[in-house]
Amino acid sequence: MHNSYARTILYLLSIVLLLTSCTAEKVYKIGVAQCSKGPWREKVNREMLAAQHLYEHDVKVNIANSVDDPELQAHLIDSLAKTDIDLMVVAPYEDIQIINDAIGRVLKAGIPVVSFDRKTSADYTAFIGGNNVEAGYIVGQYIASIVRGQNQPKGKRPLVVEITGLLSSTPALERHRGFESAMKGLPEVEYVCRISDWSSDASCDIVTHLIDSLRQSDNSRLDNTFVFCHNDGMATGVYKAVVEQDVEGRIKILGIDGMPGEGLEYVKLGHQIGTYYYPTHGEKIIRLALDILTGKPYERENPLLGFVVTPDNVDLVMTESAELMKQNDDLVTIHDKLENSMVLYNTQRKVLVGSIVCIFVLVVAIIMILYAWWQSKRNLRQRQSMNEEQTLFYTDASNRRLHEIFVTPAEETPAHKSQDMIFAEQLNEAIRENMSNPNLKMDELGEAMGLSRVQLYRKVKAITGQPPVELLRQMRLQQAYALLTSTTKTVAEIAYDVGFGTPGYFSTCFKKQFGKYPTDLRAE
């Protein structure tokens, strides 16, 4: 009889699922295989996520990051292709065979591929990204305008040093090609190219050796030296070198990316004389993907244009960039709310249809309740006799002691910590373990906590009233304050110990937080 009831309920539940599985509007699934992390790529990711419901068709974006590992990226490309996606966006780490083969397998499976930011020799459906040749050329022209506007000492040519990224990647190769072209039109300078690997440490070492060489040959040339880096992260390494070598302000530094909190702020603080604002436009990636998927006309090559940020226009650019970032965050919030509303709508629709079927299920349930009541009446007498025996056991003096031994008094049970307290302790430990890392990102901190960036933001905001970035900055400054008052380390050493990329930026933040510079506190 039990089996008969179970079969009936399963049959009715299958009817519920059948009726509630209504046809929904097509949602296009887009897989994104990012090659690396960093503020610039995080901005692109946020823009793509914010654009999921921006256009006439909805999309679902799934982003995977290989963190500078080409083999891992090839594996991620294959994995994403197996997740029923409609289109794939790939920012290839390098033009190497393992990645090209993976892209070829995706195309062979009938999935369109949009190559983003970097090209490879592999085929693709469309490309979208910054014009790197133009970026390098425009930076070179900017240097040329400065050189030609100065009165050069007789017999002394300005020195222009280019520090490249990995030339196995198309951005580095094209930026070098554009910059070299601009330098060929500037014969009055001495142009030197140094090949690097995108890292700030390598750039720091290159410029440290350069400064030593110039000091030995002609120290005055330091005042007429320009260093162009292929991104602003590398430029921070150059700035670190000039600070450590005590030539800050003498060597003129330029970079590429123009991100808030990085290149724009470095120009504002005077660490760099300029940066090329390299466009992200994640929303245009989604627009291009939808055009491909819906059969609309599209261009195979889609260059994105940027411009040079200088001390003259940095305030305007920072204002506009902050506003755009705020609008993007608002779009992400709207997207989250829309997702919740859609889930609620689908739930209500299923509940409505399911309620009809539940009427039939209720009839079966009533029959089963009556049967269960009859069964309980039959078993009641058996339980009564067992209860009498149990009562005798606990009331008997010889057995009462046994009962007390196996029951833990409530006052001996250890007190439980709240979930917020446990989270706060874990977060504090994670921040202190990674505090010295100047490149610590919220995604990495979220991974350490087992949360996404958005979940981490909401949780920290709810508990502390501050976003994670601000909490991290304040903890770094508090640790620096303690080190300044309890150790003999230099200001620069403390700045690097607590995770600031440069002592100058550390001093600025310290003054804003405590109303005095680190040197003033040390003097007290």
Side-chain angles (χ1 to χ4, degrees), residues 35-36 38-41 43-44 47 91-92 94-95 114-121 124 126-148 160-187 189 191 193 195-196 198 226-235 252-259 262-264 266-267 272-285 287-288 298-314 316-317 320-321 324:
C35 61
S36 182
W40 188 87
R41 296 198 177 276
K43 183 172 181 287
V44 175
E47 290 169 350
E94 288 182 332
D95 185 9
V114 172
S115 182
F116 169 63
D117 180 45
R118 301 176 176 184
K119 292 183 180 180
T120 68
S121 55
Y124 52 82
F127 169 79
I128 183 169
N131 189 329
N132 287 289
V133 175
E134 180 192 63
Y137 183 78
I138 288 179
V139 174
Q141 291 290 74
Y142 176 55
I143 293 176
S145 68
I146 296 174
V147 170
R148 289 167 179 163
V160 177
V161 180
E162 177 189 11
I163 303 178
T164 75
L166 285 170
L167 291 183
S168 55
S169 65
T170 52
L173 191 61
E174 291 176 352
R175 289 172 189 179
H176 168 64
R177 189 183 305 147
F179 189 76
E180 185 180 43
S181 174
M183 291 299 100
K184 287 180 180 178
L186 195 65
V189 305
Y191 164 58
C193 179
I195 299 174
S196 187
W198 297 111
F226 298 81
V227 177
F228 164 54
C229 301
H230 278 200
N231 65 32
D232 289 324
M234 297 165 65
K252 303 168 184 64
I253 307 170
L254 302 97
I256 287 183
D257 280 346
M259 287 294 298
E262 274 197 349
L264 296 182
Y266 301 154
V267 175
Q272 297 175 201
I273 65 168
T275 182
Y276 181 84
Y277 188 88
Y278 193 70
T280 51
H281 292 307
E283 75 286 353
K284 291 188 178 181
I285 301 174
R287 175 73 271 173
L288 175 60
Y298 66 91
E299 297 291 335
R300 190 167 189 268
E301 302 293 329
N302 300 270
L304 303 175
L305 302 180
F307 56 90
V308 174
V309 180
T310 69
D312 296 330
N313 64 7
V314 66
L316 176 61
V317 175
E320 292 180 350
S321 179
L324 287 174

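Please read these numbers as outputs of a predicted model, since none were measured by experiment.
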Q. What pair of heavy atoms forms the shortest contact from A126 to L288, and how long is it?
A. CB-CD2, 4.0 Å

Q | Non-hydrogen atoms of P92 and C35 that approach each other most closely | A | C-CB, 4.0 Å

Q | Cation-pi geometry met for R287 and Y298 (6.0 Å, 45°) | A | no

Scan the side chains in residues 137-145 for donor-acceptor partners under 3.5 Å anywhere in the protein, sequence neighbours excluded, and list what turns up.
{"residue": "Y137", "atom": "OH", "partner": "Q141", "partner atom": "NE2", "Å": "3.3"}
{"residue": "Y142", "atom": "OH", "partner": "I273", "partner atom": "O", "Å": "2.9"}
{"residue": "S145", "atom": "OG", "partner": "Y142", "partner atom": "O", "Å": "2.6"}

Q.
Within the structure provided, determine whether D117 and P171 are in side-chain contact (heavy-atom separation under 4.5 Å).
A. yes

Q) Taking side chain as C-beta onward, heavy atoms only, is V189 less than 4.5 Å from M183? A) yes

Q. Given the rule in the side chain to side chain contact (heavy atoms under 4.5 Å, CB included) test, do I253 and Y266 qualify, once you have shown the distances and angles that lead to the verdict?
A. CA-CA 10 Å; I253 307 170; Y266 301 154; over 6 Å; no

**Q.** R177 side, atom CZ; T164 side, atom OG1 - distance, nearest 0.5 Å
**A.** 13.0 Å

Q. Do T310 side-chain atoms and D312 backbone N/O form a donor-acceptor pair below 3.5 Å?
A. yes

Q. Listed by chain and number, what are the ring-ring contact (aromatic ring centres under 6.0 Å, His included) partners of W198, not counting sequence neighbours?
A. none

(Q) Are the side chains of E180 and C193 in contact, using a 4.5 Å heavy-atom criterion? (A) no

Q) Looking only at heavy atoms, which two atoms of R41 and A91 are closest? And how far apart? A) NH1-CB, 3.8 Å

Q.
Would the distance check show the side chain of E47 and the main-chain N or O of H281 forming a donor-acceptor pair, the cut-off being under 3.5 Å?
A. yes

Q) Looking at K119, E174, H176, which one forms a side-chain contact (heavy atoms from CB on, under 4.5 Å) with N132? A) E174

Q: Indicate yes or no for a side-chain donor-acceptor contact from D257 to the backbone of N231 under 3.5 Å, with no hydrogens or angles considered.
A: no

Q.
Show, in sequence, the C-alpha distance, side-chain angles and deciding distance for F179 and V160, and conclude whether the side chain to side chain contact (heavy atoms under 4.5 Å, CB included) test is met.
A. CA-CA 11 Å; F179 189 76; V160 177; 3.6 Å; yes

Q. Is the closest side-chain heavy-atom distance between Y277 and T275 below 4.5 Å?
A. no

Q. Which value, rounded to the nearest 0.5 Å, describes the distance between F226 atom CZ and K252 atom NZ?
A. 5.0 Å

Q.
Restricting to non-hydrogen atoms, name the atom on V314 and the atom on L264 that form the minimum distance, rounded to 0.1 Å.
A. CG2-O, 3.4 Å

Q: Report the C-alpha separation of F228 and I256 in whole Å, then their side-chain angles, then the decisive distance to 0.1 Å, and conclude whether the side chain to side chain contact (heavy atoms under 4.5 Å, CB included) test is met.
A: CA-CA 9 Å; F228 164 54; I256 287 183; 3.7 Å; yes

Q: Would you check, one step at a time, whether the test side chain to side chain contact (heavy atoms under 4.5 Å, CB included) holds for N302 with K284?
A: CA-CA 10 Å; N302 300 270; K284 291 188 178 181; over 6 Å; no

Q. Do the side chains of S168 and D95 get nearer than 4.5 Å, heavy atoms only?
A. no

**Q.** Contact summary for H230 and G165, nearest pair of heavy atoms
**A.** ND1-N, 3.2 Å

Q. Of all heavy-atom pairs between L166 and A172, which one has the smallest distance, and what is that distance?
A. O-CB, 3.1 Å

Q. Atom CZ in F127, atom OG1 in T170: separation rounded to 0.5 Å?
A. 6.5 Å

Q) Nearest 0.5 Å, what's the CD1-CG distance between I285 and L304? A) 8.0 Å

Q) Think R175 forms a cation-pi with Y278, using NZ or CZ under 6.0 Å from the six-ring centre and within 45 degrees of its axis? A) yes

Q. Got a donor-acceptor contact below 3.5 angstrom from the S181 side chain to the K184 backbone?
A. no

Q.
How long is the straight-line distance from CD of E162 back to CD1 of I195, given to the nearest 0.5 Å?
A. 9.5 Å

